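Below is one structure, written out as structure tokens; comments come after it.
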Number of protein chains: 2
Amino acid sequence: MSGKISTDLIRGNTVTIILNVLRQGDSYGYEIYKRIIDLSDQQYELKEATLYTAFRRLEKDGLITSYWGDETQGGRRKYYRITENGIEKYEENRKEWEVAKDILNQLITGGDPDGRE
Amino acid sequence: MSGKISTDLIRGNTVTIILNVLRQGDSYGYEIYKRIIDLSDQQYELKEATLYTAFRRLEKDGLITSYWGDETQGGRRKYYRITENGIEKYEENRKEWEVAKDILNQLITGGDPDGRE
DNA sequence: CCACATTACTTCATCTGTCAAAGTAATATG
DNA sequence: CATATTACTTTGACAGATGAAGTAATGTGG
């Protein structure tokens, strides 16, 4: 599993992916990490380092906020919540993806000399 | 036009896009540059610097070869031709894109709380 | 005839996102 | 009690994309 698809094909979608998970409710790093592997049918693993660096950026940009969970006993968990701006950003990115997908299809399969298009 | 879609959404597909153009016949830098803008309906411009750096890489990797055109008068043109390995690479990348597209759709729109999926 | 747009190619420094690696620390399990 | 798993963090390195600057020839409108 994981690493099945080139990371460069995902690049630029990381933020949208994280925001999409958070749209479904507050969550913390490790859970989001697992959720993404799950959503991708074990075909893509967003590495932890990437995930946590993205959190920093998202928080700095005001697209998410964070708070520590109140686990009295044991493992601390830092929860993330999507903001209004985050939701807007998600909607934008989603639309952008729909457009990019079509363009990419055209660029990758367009003008096919084998007539498969 | 151009720059409409984020470059990070295209990243990783540059090579596939170039190989796809060359599958349709030998071509030279500037023509390929124009062709990509054209194929994308003026929505995406692969910058010249990106294109030419990609040529270097592709040639080093044996996916394309190059030769100077015999324009006796004026503007020199360096033509590129796709190799057997290049064609194989294209087929691979194309398949990888098909897979990545589905996974990305799932990751970006999956588990939608608005029930749009 | 000349200024400017366009064709055509090149190089280099910089930026950004991704990730390997290494680490800390607690809990669960056999 | 050793090992796996959960959970979070930081840092350095790398690769691909691009801005910017440059060279040079040809075409074109005035």
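None of the values given here were measured: they were computed from a predicted structure. In the text below, chain A, chain B and the rest are named by the order of the sequence lines, each starting its count at 1.
Across the protein-nucleic acid pair, A/R57 atom CZ and C/dC19 atom P stand 11 Å apart, rounded to whole Å. Atom-to-atom, CG of A/L51 to C1' of D/dT10 comes out at 15 Å; the value is rounded to the nearest Å. Atom OH in B/Y30 sits about 15 Å away from atom C1' in C/dT10, given to the nearest Å. Between A/E48 atom CD and C/dC19 atom C1' there is a gap of 11 Å when expressed in whole angstrom units. In this structure, A/I17 places its CD1 atom 9 Å from P of C/dT18, rounding to the nearest Å. Atom C1' of nucleotide D/dT18 and atom CG of B/L9 are separated by 16 Å, given to the nearest angstrom. Distance, B/R77 CZ to C/dT10 C1': 18 Å, rounded to whole Å. A/N13 has its CG atom 9 Å from the P atom of C/dT18, to the nearest Å.
Counting non-hydrogen atoms under 4.0 angstrom, B/E31 reaches nothing in the nucleic acid. Nucleic acid contact for B/T14: sugar-phosphate only, since backbone atoms but no base atoms lie under 4.0 Å from a heavy atom of the residue. Within the nucleic acid shown, A/T7 comes within 4.0 Å of sugar-phosphate atoms alone, with no base atom in reach, counting heavy atoms only.
Looking at B/D61 and B/N85, their side chains never come closer than 4.5 Å, going by heavy atoms from C-beta outward.
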Chi angles and distances behind the side-chain contact (heavy atoms from CB on, under 4.5 Å) call for B/F55, B/I32: CA-CA 11 Å; B/F55 287 147; B/I32 296 171; 3.6 Å; yes
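Checking D/dA15, C/dC19, D/dC8 against every side-chain atom of A/R76, the shortest atom distance belongs to D/dC8. Of the candidates C/dC19, D/dT18, C/dT10, C/dT10 carries the atom nearest the B/K78 side chain, counting heavy atoms from C-beta on.
Toward the 5′ end of DNA chain D lies the nearest nucleotide of A/R56, the other residue of the pair A/R56 and A/D8 mapping further downstream. Each of A/R11 and A/A49 lies near DNA chain C, and the nucleotide nearest A/R11 is the one positioned closer to the 5' end.
In this model, no donor atom of one side chain and acceptor atom of the other lie less than 3.5 Å apart for B/R56 and B/Y52.
Listed pair A/Y28 / D/dA7 meets the phosphate criterion, a side-chain N or O lying under 4.0 Å from OP1 or OP2. When the side-chain nitrogen and oxygen atoms of B/K34 are compared with OP1 and OP2 of C/dT6, none of them lie within a distance under 4.0 Å. Within the structure, a side-chain polar atom (N or O) of A/T50 is placed less than 4.0 Å from OP1 or OP2 of C/dC19. Distances shown here put a side-chain N or O of B/Y52 below 4.0 Å from the OP1 or OP2 atom of C/dC9.
Remark: B/E98 engages B/K101 in a salt bridge, criterion side-chain N to carboxylate O under 4.0 Å.
The aromatic rings of A/Y28 and A/Y79 stand perpendicular to each other, their planes meeting at an angle above 60°, with 30° marking the opposite boundary.
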